[in-house]
Structure formats: structure tokens, C-alpha cells
Participant: 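Please see the structure below; I have some questions.
Below, all heavy atoms of this structure are taken into account, side chains as well, without hydrogens, waters or symmetry copies.
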Amino acid sequence: AGVRFAFESGGLTNWADFLGNADKSVAAGLSANDALRAMTLAPAEMFGVSEQTGSIEVGKIANLTVTRGALFEPGSKVVTVFVDGAEIVPQAPANGRGRGGMGR
């Protein structure tokens, strides 16, 4: 319908809940590409910062999440995260929840 939208955390305290909610949107018919865009470029455009962030391009801030497997597929795992170009290797959550190297 051409409606612009973006996903946001709404104060969630568990990253797995954020991805789980996005997974529900994909399961309900939103394309994986549109869901990914709703997490990345769409909010950057809405906040007027798409020249600096929101997509992978030379000259932009290097924030990137690397997964093993497609992000919205069962069993996908976050392998590493880059924040402003610095690598952060995720650790498995102590409570066993989330995807921090553990899958779903």
C-alpha cells in the first residue's frame, strides 16, 4: 500500500524478542527483504540519517550483524557484530535465550 514503516524495540530488554516479533511479521506474509529494510534503511531514512547509516556503502558508519543462515530462518545464528567498524563476538546468553551464538 506504499505505507512507510520501520521496526523499533519499544523498550524491549531482550534482543530475541525483537527478532521474534520480526519473525512473526515474516511468517504473516511480510517479505524477509521488507522486514530487513524495516530494521535498517527505513528507520535511517525516517530519521534523516540515511547518508551515514542504514545500508552497507563506502563512507557509512560500519554497523553490521553477520549471521550464519538467513536472519529469519529457524536455526540462524548471530556470528559477529561490528559497531562503528569494531568487531564484537556475541556470547551465548546465560539464560539460554536469544541468538547470541546459540541459534533460536
Participant: Quick check on the hydrophobic clustering: are Val49 and Leu36 connected, directly or via other members, by side-chain heavy-atom contacts under 4.5 Å?
Facilitator: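 Cluster IDs for Val49 and Leu36 differ.
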
Participant: Does a donor on one side chain sit under 3.5 Å from an acceptor on the other, for Ser50 and Glu45?
Facilitator: no

Participant: Any non-hydrogen side-chain atom of Ser76 less than 4.5 Å from a side-chain atom of Arg68?
Facilitator: no

Participant: Here's a test for you: under side-chain contact (heavy atoms from CB on, under 4.5 Å), which of Leu64, Asn63, Thr65 qualifies with Val81?
Facilitator: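 When side-chain contact (heavy atoms from CB on, under 4.5 Å) is applied between Val81 and each of Leu64, Asn63, Thr65, only Thr65 qualifies.
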
Participant: Under a single-linkage definition using a 4.5 Å side-chain heavy-atom cutoff for Ile, Leu, Val, Met, Phe, Trp and Tyr, are Met39 and Leu12 assigned to the same hydrophobic cluster?
Facilitator: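 Linked, Met39 and Leu12 end up in one cluster.
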
Participant: If you compare all heavy atoms of Asp34 against all heavy atoms of Phe5, which two are closest, and at what distance to 0.1 Å?
Facilitator: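 So the minimum-distance heavy-atom pair works out to O-CZ, 4.4 Å.
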
Participant: Hey, could you give me the CG/CD distance between Asn21 and Glu8, rounded to the nearest 0.5 Å?
Facilitator: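 Reported value, rounded in 0.5 Å steps: 10.5 Å.
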
Participant: Are Val78 and Ile88 connected into the same hydrophobic cluster when the rule is that any two of I, L, V, M, F, W, Y join if their side-chain heavy atoms are below 4.5 Å apart?
Facilitator: yes

Participant: Please determine whether residues Val83 and Leu41 belong to a single hydrophobic cluster, defined as Ile, Leu, Val, Met, Phe, Trp and Tyr linked transitively by side-chain heavy-atom distances below 4.5 Å.
Facilitator: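 No; Leu41 is not reachable from Val83 via cluster members.
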
Participant: So, Thr67 versus Lys77: side-chain donor-acceptor pair below 3.5 Å or not?
Facilitator: no

Participant: In terms of heavy-atom contacts, does CD1 of Ile56 have more than 12 from other residues, nucleotides or ligands at under 6.0 Å?
Facilitator: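 Open: at most 12 neighbouring heavy atoms sit under 6.0 Å from CD1 of Ile56.
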
Participant: Calculate, to the nearest 0.5 Å, the distance between atoms CG and CZ belonging to Asn33 and Phe72 respectively.
Facilitator: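 Separation between the atoms: 9.0 Å.
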
Participant: Using 0.5 Å steps for rounding, measure from the OG1 atom of Thr53 to the NZ atom of Lys60.
Facilitator: 7.0 Å

Participant: Heavy atoms only: give me the nearest Ala35-Phe7 pair and the separation to one decimal.
Facilitator: O-CE1, 3.7 Å

Participant: Would you say CD of Gln52 has more than 12 non-hydrogen atoms from neighbouring residues, nucleotides or ligands within 6.0 angstrom?
Facilitator: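 It does: Gln52 CD has more than 12 such atoms within range.
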
Participant: Could you walk me through whether Val79 and Val89 satisfy the side-chain contact (heavy atoms from CB on, under 4.5 Å) test, starting with their C-alpha distance in whole Å, then the side-chain angles of each, then the deciding distance to 0.1 Å, before giving a yes or no?
Facilitator: CA-CA 7 Å; Val79 177; Val89 178; over 6 Å; no

Participant: Rounded at 0.5 Å granularity, tell me how far CG in Asn14 sits from OG in Ser9.
Facilitator: 11.5 Å

